[in-house]
Novice: 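I have a structure here, written as structure tokens, and I will follow up with some questions on it.
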Amino acid sequence: MLKDIEKVYYSEETLKNIVKDLGKKISEDYKDKNLLLVSVLKGSIMFMADLMREITVPCEIDFMCVSSYNDGTKSSGVVKIIKDLDINLDGKDVLIVEDILDSGRTLGYLKSILMTRNPKSFRICTLLDKPSRRAVPDLWADYSGAEVPDEFVVGYGLDYDEKYRNLPYIGILKREVYSDKCE
Ligand code: IMP
Ligand code: MG
């Protein structure tokens with residue numbers, strides 16, 4: 001796996017600090033609220049597991065699995081719900097926990113569905129943001145861990161073709177690994 005990584009972009013240590021800071025901010029903002037963390041599978045699994053340990057206020061968790069039809073490195077905006085939430089959103093302060101905000105199409109679609117379920121509030125927390133790639137202009141993260149350039153990154157939950165999720169850091173994937181499959 002290591003031979004496919006161009007460079008380590010965020011080390012394990014750096015990620016730990018980023019997640020710690022996010023957890024602190026969220027804990028301050030959600031005092032006396034009905035916090036429900038919604039992890040978007042599968043990419044946010046490591047981030048969710050670490051972030052919830054840094055949150056010091058009571059919270060509930062739930063999982064949603066969506067698949068965006070894509071060519072491996074770019075999402076199309078057509079999203080299918082593979083697993084829906086179990087918890088009713090009525091009166092909940094929903095915080096979406098996402099791995100990366102790229103074009104924004106996946107979260108834009110998710111937001112439009114979840115807003116019809118009457119949550120008390122709705123916010124987005126993303127570990128990584130690629131602002132230069134945004135195609136949905138009014139979609140932003142309320143909490144964002146770090147920015148990444150317009151490169152394909154893997155590790156810490158993020159995949160290419162379902163692989164590399166188990167790397168403990170975020171690395172830039174060598175273009176030769178996927179260039180024959182897209183563009
Ligand atoms: P969006 O709909 O374009 O914002 O894409 C969001 C989803 O695409 C993310 O939740 C990821 O699953 C995937 N994605 C986007 N960029 C990357 C990347 O650089 N590495 C791995 N997955 C990515
Ligand atoms: Mg994802």
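Each ligand, and each atom within it, is numbered from 1 in the order the structure gives. These numbers were taken from a predicted model, which means no experiment stands behind them. FYI, side chains are in, hydrogens and waters are out, and symmetry mates aren't considered; it's all heavy atoms of this structure.
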Novice: Within the structure, does Gly104 bring an N/O atom to less than 3.5 angstrom of an N/O atom in ligand 1?
Specialist: yes

Novice: Examine Leu158 against ligand 1 and note whether any of their N/O atoms are separated by less than 3.5 Å.
Specialist: no

Novice: Can you confirm if the aromatic rings of Phe152 and Tyr178 lie within a centre distance of less than 6.0 Å?
Specialist: yes

Novice: So which of Leu107, Ile170, Leu127, Thr106 gets nearest to atom 7 (C) of ligand 1, if we judge by its closest heavy atom?
Specialist: Thr106

Novice: How far does CD1 of Ile81 sit from SG of Cys65, to the nearest 0.5 angstrom?
Specialist: 10.0 Å

Novice: Can you list the ligand 1 atoms lying under 4.0 Å from a non-hydrogen atom of Ser103?
Specialist: 1 (P), 2 (O), 3 (O), 4 (O)

Novice: Once rounded to the nearest 0.5 Å, what's the spacing between atom OG of Ser121 and atom CG of Asp142?
Specialist: 9.0 Å

Novice: Is the contact between Asp159 and ligand 1 made by the side chain, the backbone, both, or neither, using heavy atoms and a 4.0 Å cut-off?
Specialist: backbone

Novice: If I take atom NZ from residue Lys24 and atom CD from residue Glu54, how far apart are they, to the nearest 0.5 angstrom?
Specialist: 11.0 Å

Novice: With heavy-atom distances below 4.0 Å as the criterion, list the atoms of ligand 1 near Lys130.
Specialist: 16 (N), 17 (C), 18 (C), 19 (O)

Novice: So between Asp99, Asp102, Ile100, whose heavy atom ends up nearest atom 23 (C) of ligand 1?
Specialist: Ile100

Novice: Taking atom 20 (N) of ligand 1 as the point of reference, which of Thr126, Leu101, Val153 owns the nearest heavy atom?
Specialist: Val153

Novice: Please work out, at 4.0 Å between heavy atoms, whether the side chain, the backbone, both, or neither of Glu151 comes within that distance of ligand 1.
Specialist: backbone

Novice: To the nearest 0.5 Å, what is the distance between CG on Asp93 and CG on Leu36?
Specialist: 9.0 Å

Novice: Between Thr126 and Ser144, is the side chain to side chain donor-acceptor pair (under 3.5 Å) condition met? List the steps.
Specialist: CA-CA 5 Å; Thr126 187; Ser144 168; over 6 Å; no

Novice: Show the atoms of ligand 1 that are less than 4.0 angstrom away from any heavy atom in Glu98.
Specialist: 10 (O)

Novice: Nearest 0.5 Å, what's the CG-CG distance between Leu114 and Leu85?
Specialist: 6.0 Å

